[in-house]
Amino acid sequence: MPRPLHICPFCSLHCDDVRIDEVAKHGWVANVPCDRATAGYQHAFRDALDARCGDDRCTAMEASKHAQTLLSGSIPYSLVTTGTDLDSAKQLHQLQEAGRIRVLVDETASAEAWRAAISREGTLAATLGDIRTHADVLWTIGEVDAETPRLRERIDADQKRWVQSSSLDAESLAEIAFAIRAETVPEDSGTAVTEAIRASAYLAIILGRHAFVDSEATATAEMLCKLLWHLNQKRRAVVLQLDDAATNRSVTAWQSNTVISSIAGNETRKIDLRLGTPPDGARPVRLQIGGIDRGKAFAEVFLPASTIGIHRDAVVVRGDGTVTLPLVAVTASVQPTPIERLHQWITA
Ligand code: SF4
């Protein structure tokens with residue numbers, strides 16, 4: 001009997017159609033048309049991973065001790081994560097309440113700017129299902145494909161008109177906004193975007209990583225909010241920004257009625273620990289626990305851990321914040337989970 005389809009734990013889209021088979025001599029194999037997922041599954045199924053101190057492989061005990069030496073006197077440790085499952089998020093919150101760590105979400109300046117803008121101005125958010133069913137025009141801004149490689153497939157983008165902008169600066173967006181209000185054609189690169197927006201009955205704007213130029217993120221995000229209100233006078237216009245840390249944000253809000261801190265906008269803040277794989281361009285930390293080890297440039301010390309959703313059941317909030325999904329374990333692991341490893345390390 002075929003195994004039930006698996007929910008992928010490797011990005012906030014959480015595709016629910018991954019086929020996993022056990023193949024003689026090869027162990028577990030995931031069948032999914034996604035490079036990010038393929039790398040994640042291959043890494044997780046390898047399981048018996050080495051710890052690392054600097055450039056050298058070592059035992060987990062040696063790595064743990066080395067990190068203790070590097071971080072002695074740093075309590076509360078600053079800990080960054082792109083996002084975790086529900087139980088880990090609760091435990092991180094408890095460790096923060098106990099004064100052992102300070103939790104920060106690893107997100108770009110534009111993601112933080114958009115969140116701040118909509119908290120002031122409000123916006124019309126949309127779910128993946130809304131966009132798939134209703135949108136006739138998609139405008140993607142920033143790096144959407146690298147972050148969520150199957151997003152276009154999941155919202156039937158091939159059936160819709162679609163335009164793309166790289167990171168937007170305030171001037172480019174102002175030109176587009178002016179052209180739409182004045183019903184003129186913008187001077188340069190915004191022509192295709194402006195035409196597509198004008199032709200839309202239901203416009204979905206999808207914000208990827210680095211949607212706005214970092215130095216102008218706040219102004220650009222506010223301008224986009226205002227453009228949305230204008231667009232909604234004549235058509236439906238919504239925004240989707242998938243959030244890797246949707247689960248952690250929800251837990252912090254439920255448990256303490258506060259907003260979880262972000263790494264964005266404070267380049268000088270010292271970061272001690274990372275839970276999970278560092279994204280491209282991530283700041284280096286002293287100790288990384290779990291995820292893919294990307295080397296010394298990302299973490300001085302690496303402690304391996306099992307993978308949530310592969311080796312352990314878990315629950316996550318999907319990146320559009322609308323549904324809670326069960327992640328189901330496929331196989332057992334010799335490693336503790338990242339949050340168990342963190343507890344072991346902190347109490348050692
Ligand atoms: S898009 Fe994300 S959730 Fe979907 S298969 Fe790829 S990594 Fe997994």
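We count ligands from 1, going down the list as the structure has it; atoms in each ligand are counted the same way. Since the model is a prediction, treat every value here as computed from it, not as a measurement.
Neither the backbone nor the side chain of Arg154 comes within contact range of ligand 1; no heavy atom lies under 4.0 Å.
Residues forming a side chain to side chain contact (heavy atoms under 4.5 Å, CB included) with Asp145 (at least two apart in sequence, or on another chain): Arg152.
Electrostatic pairing of Arg52 and Asp50 does not count as a salt bridge here, judged by no charged N lying under 4.0 Å from a carboxylate O. Using a 4.0 Å cut-off between charged side-chain N and carboxylate O, Asp243 and Arg115 make a salt bridge. Between Asp293 and Arg57 a salt bridge is recorded (basic side-chain N to carboxylate O distance below 4.0 Å). Classification of Arg209 and Asp244 as a salt-bridged pair fails, no side-chain N sitting under 4.0 Å from a carboxylate O.
Near atom 6 (Fe) of ligand 1, less than 2.8 Å away, sit the protein N, O or S atoms Cys34 SG.
Both Leu207 and Leu203 are members of a single hydrophobic cluster when ILVMFWY side chains are connected at heavy-atom separations under 4.5 Å.
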